[in-house]
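The next block holds one structure in the form of structure tokens; read it before the comments.
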Protein chains: 2
Amino acid sequence: MAPYDPSDFPPFAVTVDLVVLTVRHNGLRALLVRRGEAPYQGQWALPGGFVRPGEDLAAAAGRELEEETGLCAHDGECESGSGEARHGAHLEQLATYGDPGRDPRMRVVSVAHLALAPDLPSPTAGGDASGARWAPVERLLGEEGGGRDDEQLLPLAFDHARILSDGIERARSKIEYSSLATAFCPAEFTVGELRRVYEAVWGVVLDPRNFHRKVTGTPGFLVPTGGTTTRQGGRPAQLFRAGGATLLNPPMLRPEM
Amino acid sequence: MAPYDPSDFPPFAVTVDLVVLTVRHNGLRALLVRRGEAPYQGQWALPGGFVRPGEDLAAAAGRELEEETGLCAHDGECESGSGEARHGAHLEQLATYGDPGRDPRMRVVSVAHLALAPDLPSPTAGGDASGARWAPVERLLGEEGGGRDDEQLLPLAFDHARILSDGIERARSKIEYSSLATAFCPAEFTVGELRRVYEAVWGVVLDPRNFHRKVTGTPGFLVPTGGTTTRQGGRPAQLFRAGGATLLNPPMLRPEM
DNA sequence: CCAAAAGTGTTTGCGCTACACCCATGC
DNA sequence: GCATGGGTGTAGCGCAAACACTTTTGG
């Protein structure tokens, strides 16, 4: 190999791309922005942008997330520190994509991050995108059982379909063995609401009795607040907050794969 | 955010760093190279180098791995394609480290990869490093129960201790639910040899009877070759190759954590 | 009074654990 | 023949799956 010469290395552009997921209307959805410029002008893409010269990768991801959603990241391996813009979201590094040619203009290495957010009241305010939406993931991945057949797939710019697919797969497997599903819920939530998160992310139906026993029996997963709510109708349900536990032992079991 | 201008972006150096693990003398070991230049001259570091202008990230990692060990990578998400230099090893992307200041000379973003290799006959031939060694991981992480107390910790250059720690953690958790432990074994191996891999990586003792039943009962994990060996002494043991299965269901269970 | 969701108990079965014993080789 | 590791059978137990019923609200 050539000797290590600081003044002579191939220059790269480094960006962060964000897979932001939420659960809305009993379905898993991803945040997309419409591209205003070539290439892929007018097509949908993941939010993202350049990493700034003095900026940590996690900080760049947190900044982009707040610009797009108003959410302030916490948790994961990213600790951007201060400033609670809104209720927190989970943010973690996903993977890095650097194929030559993934961006036709130049050599770009993108460090993708995964964010999990609760259902936001406002669709998508602020941000630099000329348009933004929460798209159901079935319309992006071409999975089975996701809505009607006449809904066609939304093509994504660059290699973003691949990145999104990896992010969804990470989320689906990670809620098995961690308490991450609570990141999709508001600060206080019911067992039933948490169950509907699992059902939406996995695309399955779970037994309410066994689910209730499982989550309330796992130490540190849920902490009762003492309050109740009837916002889902029916009998009042206990409210919980997310407990301190991050790793679930034993894990939640996803039915027959 | 500033408009997207291809000719005006902050330039970064992009490197790959390698966490190469093997099992040797009943212990988990990592490949280290001695640095020939400042900074951290003379200290031990993970092998790695710059990504070349037209080169994929996985290809860069595979190239570095072959330069350092003579191994040809396969499997994982990295498919560097052709050229079987020696028996294959597992290679996958680990994580990306890009703190400003992690390299005092310039802004470097390093895409770390994890490689799992069988015990190599020759210590470490070839490569560009002035020195190389397989270091027991206990001497690098300061864990309990790893050898005598008078052995002191080896400090690593840059943030490589963190990267190594992340790589080891990935390997430890991934052999639970995948057939990856076979990547530490030669092409043909016995159930006992595979068990010693698990014992070395996890630092535990497993019940030979239950282990045997578990791995032979998991469809697609092991394929008998028909041959036997007595290289471990005692009664001849059946030889196996790794089967096609990558995900183990149900997973191997790591004793009391 | 009806619908809708919450919450609880029980049975059944599978898989993991823990244990003792015989087998086939090298020295 | 003895040491060494390989391979098998079994009993117990804990967890998860499957299932029915009561409770408490809103309309």
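Reminder, nothing fancy here: chain letters follow the sequence lines and each chain counts from 1. Please read all numbers here as calculations on a predicted model, not as lab measurements.
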How long is the gap from CG on Leu206(B) to CZ on Arg196(B), to the nearest 0.5 Å? 11.5 Å
Nearest 0.5 Å please: distance from the OG1 atom of Thr218(B) over to the CE atom of Met252(B). 7.0 Å
Let me spell it out: for each of Arg213(A) and Ala237(A), pick the nucleotide of DNA chain C with the closest heavy atom. Which residue's pick is nearer the 5' end? Ala237(A)
Which is true for Arg196(A) with a 4.0 Å heavy-atom rule: it touches a base, it touches only sugar-phosphate, or it touches nothing? sugar-phosphate
Between Gly234(B) and Gln238(B), which is nearer to the 5' end of DNA chain D once each is assigned its nearest nucleotide? Gly234(B)
First and last nucleotide of DNA chain D, 5' to 3', lying under 4.0 Å from heavy atoms of chain B: dT4(D) to dT10(D)
Ser178(B) side, atom OG; His90(B) side, atom NE2 - distance, nearest 0.5 Å: 7.5 Å
Determine whether Leu239(A) and Thr190(A) make a side-chain contact, defined as any pair of heavy atoms from C-beta on separated by less than 4.5 Å. yes
CA sep, side-chain torsions, deciding dist, call: Arg241(A), Leu222(A), side chain to side chain contact (heavy atoms under 4.5 Å, CB included): CA-CA 6 Å; Arg241(A) 283 184 296 102; Leu222(A) 299 183; over 6 Å; no
Cation over ring, Arg172(A) on Trp202(A), under 6.0 Å and within 45°? no
Name the nucleic acid region contacted by Pro250(B), choosing base, sugar-phosphate or nothing; use a 4.0 angstrom heavy-atom cut-off, strictly under. sugar-phosphate
At a 4.0 Å cut-off to heavy atoms of chain A, the contacted part of DNA chain C spans dA4(C) to dT10(C)
Specify the residue among Arg209(A) and Lys214(B) whose closest nucleotide of DNA chain C lies further upstream toward the 5′ end. Arg209(A)
Exercise: do Tyr97(B) and Asp166(B) side chains pair donor with acceptor under 3.5 Å: yes
One pair to check against ring pair (Phe, Tyr, Trp, His ring centres under 6.0 Å): Phe240(A) and Phe189(A). What are the steps and the verdict? CA-CA 5 Å; Phe240(A) 296 86; Phe189(A) 53 91; 7.1 Å; no
